[in-house]
Amino acid sequence: MEEYDLTWQIDSFESLKEDGSGWQISCAASAHRDEHRKFDEKPSGAAMVAHDLRDDLFQIKDEVIKMNPARIKRSSEEDGFRAAIESYSTIYVAVLGLRGRGKTYAMSQLLRSKILGFASDNCISIGMKTAFASPDTHRFTFIDVFDPFYKGTDADSGALNLSRLSWQIVLNLAQIWIVVINDLTIHDQVYVSNLRQEISKRRQNPGKRSGGFMYEDIILVHNLCLHKTLKSCQSHFERQVLEIFQAKPCETEVQDCLSLKKISYGYYYTMPTSRLAGMRHLLIGFNSTPMEEEKLTKIGAHNRSTFAVLRKFLNVFSYEMQVHPILSLVEITNCLLRSYVSPTAKIVLSQYKNQNLAMRLSASNERFSHV
């Protein structure tokens, strides 16, 4: 079992104060780092090779604490460090969805790696794991989000503001969006609709940070885990995408994980509108067979093909962001936090216990406007 390379915990606005614990950024323990390996050495689609974000983080950690991240690109006396930071390039992929929809499972299958998930269930957690499609290709940083407050059942307005803030941070950080849903409850439909609107706005008015380089569609993974047969999954899947999303059938080629031959894989596509981003619909179903076993059920074989197609979609995208994940989080949080805390709020990084980092407000007398 593997941990996320990096985990960021957002517990409350109050913890940002100078005497608080801060929003802690932790890295995977060394015992888990040693387990990193090729995610899938079998030729069942594009393999992904692990890369440890922890090593990159601790090479720059001390310098990050000393410096204001906003100075990094301006400082003439830190040319060596600036070069190291700017040489870090990655493609950010957000794996989104409501609680209990199978985001961590989908991410584990995509990377061919068993991920432990998050340790705490009473705060918002953002986990990152890096991988290469192959040793000589682009680096991907996958973002998983656990948000216990999204449905709005908590009466604490501070918790709901934390939920909105984390949503905005991930939307501003990611270039590719994978959304995992189940049987399309009303909550799922609202979630997907809101995301389509936000992505459409971003495409029409791209910020300086992304430079307009974003994946053209949302990738919607229909995790029909309650259906036990492939036929039942496909029937339900087709009804959903045709009736609710007015999707059209499409095909692509992928290598079959059993015969190793090229096969045709069918998926569905929802066209974009002036207000809504387009969507590519992929199907996965319940599979009780461990992913290491060679004998797969029909659903298991279909799932393998689905994740091979998903890797294929990712590998087409080639624009890497020239910024380290830690600095991205600081930069984006500084921009967004001001509307929740105060117009002059500024986040800095500080040392925390167990060799980890914490985000805190730079001044102890900041006044909170939304807590």
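- Counting only distance, with no hydrogens or angles, the side chain of Ser235 and the backbone of Lys231 share no donor-acceptor pair below 3.5 Å.
- In this structure a side-chain-to-backbone donor-acceptor pair under 3.5 Å is present from Ser166 to Ser163.
- Residues His222 and Ile284 form no side-chain contact, since every pair of their non-hydrogen atoms from C-beta on lies 4.5 Å or further apart.
- Scanning both residues, Ser200 and Ala277, for their nearest heavy atoms gives CB-N, 3.8 Å.
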> Yes or no on side-chain contact (heavy atoms from CB on, under 4.5 Å) for Gln240 and Phe245, after CA distance, side-chain angles and deciding distance?
Replying inline: CA-CA 7 Å; Gln240 283 186 349; Phe245 294 116; 5.6 Å; no

>> For a side-chain contact (heavy atoms from CB on, under 4.5 Å) check, start with the C-alpha distance between Phe146 and Ile124, then their side-chain angles and the critical distance, and finish with the verdict.
In response: CA-CA 6 Å; Phe146 174 79; Ile124 296 171; over 6 Å; no

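- For the residue pair Val254 and Ser305, the shortest heavy atom distance occurs at CG2-O, 4.1 Å.
- When all heavy atoms of Ala247 and Leu242 are compared, the closest pair comes out as O-CD2, 3.3 Å.
- Between the side chains of Ser26 and Thr7, not a single donor N or O lies within less than 3.5 Å of an accepting N or O.
- Side-chain heavy atoms closer than 4.5 Å link hydrophobic residues (I, L, V, M, F, W, Y) into clusters, and following such links, even through other members, never connects Leu224 to Leu282.
- Every residue two or more places apart in sequence or in another chain that forms a ring-ring contact (aromatic ring centres under 6.0 Å, His included) with Phe313 is listed here: Tyr267.
- Taking 4.5 Å as the limit, every side-chain heavy atom of Trp8 sits out of range of all side-chain heavy atoms of Gln24.
- Looking at Tyr268 and Arg280, their side chains never come closer than 4.5 Å, going by heavy atoms from C-beta outward.
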> What do the steps show when you test Ile199 against Trp177 for side-chain contact (heavy atoms from CB on, under 4.5 Å), and what is the final call?
Replying inline: CA-CA 9 Å; Ile199 302 309; Trp177 297 270; 3.3 Å; yes

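- Note on Phe237: it does not cluster hydrophobically with Ile218, by side-chain heavy-atom contacts below 4.5 Å among ILVMFWY residues.
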>> With side-chain contact (heavy atoms from CB on, under 4.5 Å) as the criterion, how do Asn172 and Trp167 come out once you've worked through the C-alpha distance, each side chain's angles and the decisive distance to 0.1 Å?
In response: CA-CA 9 Å; Asn172 278 273; Trp167 165 272; over 6 Å; no

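- Across Met359 and Leu16, no two heavy atoms sit closer than the pair O-CD2, 3.5 Å.
- With contacts defined as side-chain heavy-atom distances shorter than 4.5 Å, the pair Ile178/Met107 does not qualify.
- Side chain of Arg338 to backbone of Asn334: a donor-acceptor contact under 3.5 angstrom is found.
- Taking the side chain as every heavy atom from C-beta outward, Ser21 and Asp11 approach each other to under 4.5 Å.
- For the residue pair Gln168 and Tyr340, a side-chain donor N or O sits within less than 3.5 Å of a side-chain acceptor on the partner.
- Ion pairing between a basic and an acidic side chain is recognised when a charged N comes within 4.0 Å of a carboxylate O; Asp144 and Lys129 show no such pairing.
- With rounding to the nearest 0.5 Å, the separation of OG1 in Thr273 from CD in Gln197 is 9.0 Å.
- Residues Arg196 and Thr270 meet the side-chain proximity criterion, which asks for heavy atoms closer than 4.5 Å.
- Using the six-membered ring where Trp is involved, Phe307 and Tyr105 have ring planes that are perpendicular, over 60° apart on the 30 and 60° scheme.
- Within the 4.5 Å cutoff, side-chain heavy atoms of Tyr191 are placed close to those of Val179.
- The structure places CG of Asn194 at 12.0 Å from CD of Gln189, a figure rounded to the nearest 0.5 Å.
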> So Tyr269 and His281, ring pair (Phe, Tyr, Trp, His ring centres under 6.0 Å) or not? Walk me through it.
Replying inline: CA-CA 6 Å; Tyr269 181 64; His281 303 269; 8.2 Å; no

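- A chain of hydrophobic side-chain contacts below 4.5 Å, direct or via other Ile, Leu, Val, Met, Phe, Trp or Tyr residues, connects Leu337 to Leu162.
- Using a 4.5 Å cut-off between side-chain heavy atoms of Ile, Leu, Val, Met, Phe, Trp and Tyr, with links allowed through other members, Ile332 and Ile126 fall into the same hydrophobic cluster.
- Formation of a donor-acceptor pair under 3.5 Å by the Ser339 side chain with backbone atoms of Leu336 is found in this model.
- Cluster membership check: Val241 does not share its hydrophobic cluster with Leu195, using side-chain heavy-atom separations under 4.5 Å among Ile, Leu, Val, Met, Phe, Trp and Tyr.
- With respect to Leu110, the side-chain contact (heavy atoms from CB on, under 4.5 Å) criterion is satisfied by exactly one of Val93, Val95, Leu314: Leu314.
- Heavy atoms only, all atoms of each residue included: His227 and Ser232 are closest at ND1-OG, 2.8 Å.
- In this structure a side-chain-to-backbone donor-acceptor pair under 3.5 Å is present from Asn223 to Arg101.
- Distance check, rounded to the nearest 0.5 Å: CD1 of Ile143 to OG1 of Thr130 gives 12.0 Å.
- Atom CD of residue Gln234 and atom CG of residue Leu283 lie 6.5 Å apart, to the nearest 0.5 angstrom.
- Side-chain atoms of Ser15 come within 3.5 Å of backbone atoms of Ser12 as a donor-acceptor pair (strictly under, hydrogens ignored).
- A distance of 7.0 Å separates CD of Gln109 from CG of Asn303, quoted to the nearest 0.5 Å.
- Taking OG1 of Thr90 as the reference point, atom CZ of Phe142 lies at 9.0 Å (rounded to 0.5 Å).
- Residues passing the side chain to side chain donor-acceptor pair (under 3.5 Å) test with Asp183 are His236, sequence neighbours excluded.
- Under the 3.5 Å distance criterion, the side-chain polar atoms of Gln175 are matched with a main-chain donor or acceptor of Tyr92.
- With a 4.5 Å cut-off on side-chain heavy atoms, Leu329 and Trp23 do not count as touching.
- Side-chain N/O atoms of Asp188 and Thr185 include a donor and acceptor closer than 3.5 Å.
- A donor-acceptor contact shorter than 3.5 Å is absent between the side chain of Thr141 and the backbone of Ile91.
- Minimum interatomic distance between Leu165 and Phe13 (heavy atoms only, all atoms of both residues): CD2-CE2, 4.1 Å.
- The closest side-chain donor-acceptor pair between Thr306 and Tyr265 falls under 3.5 angstrom.
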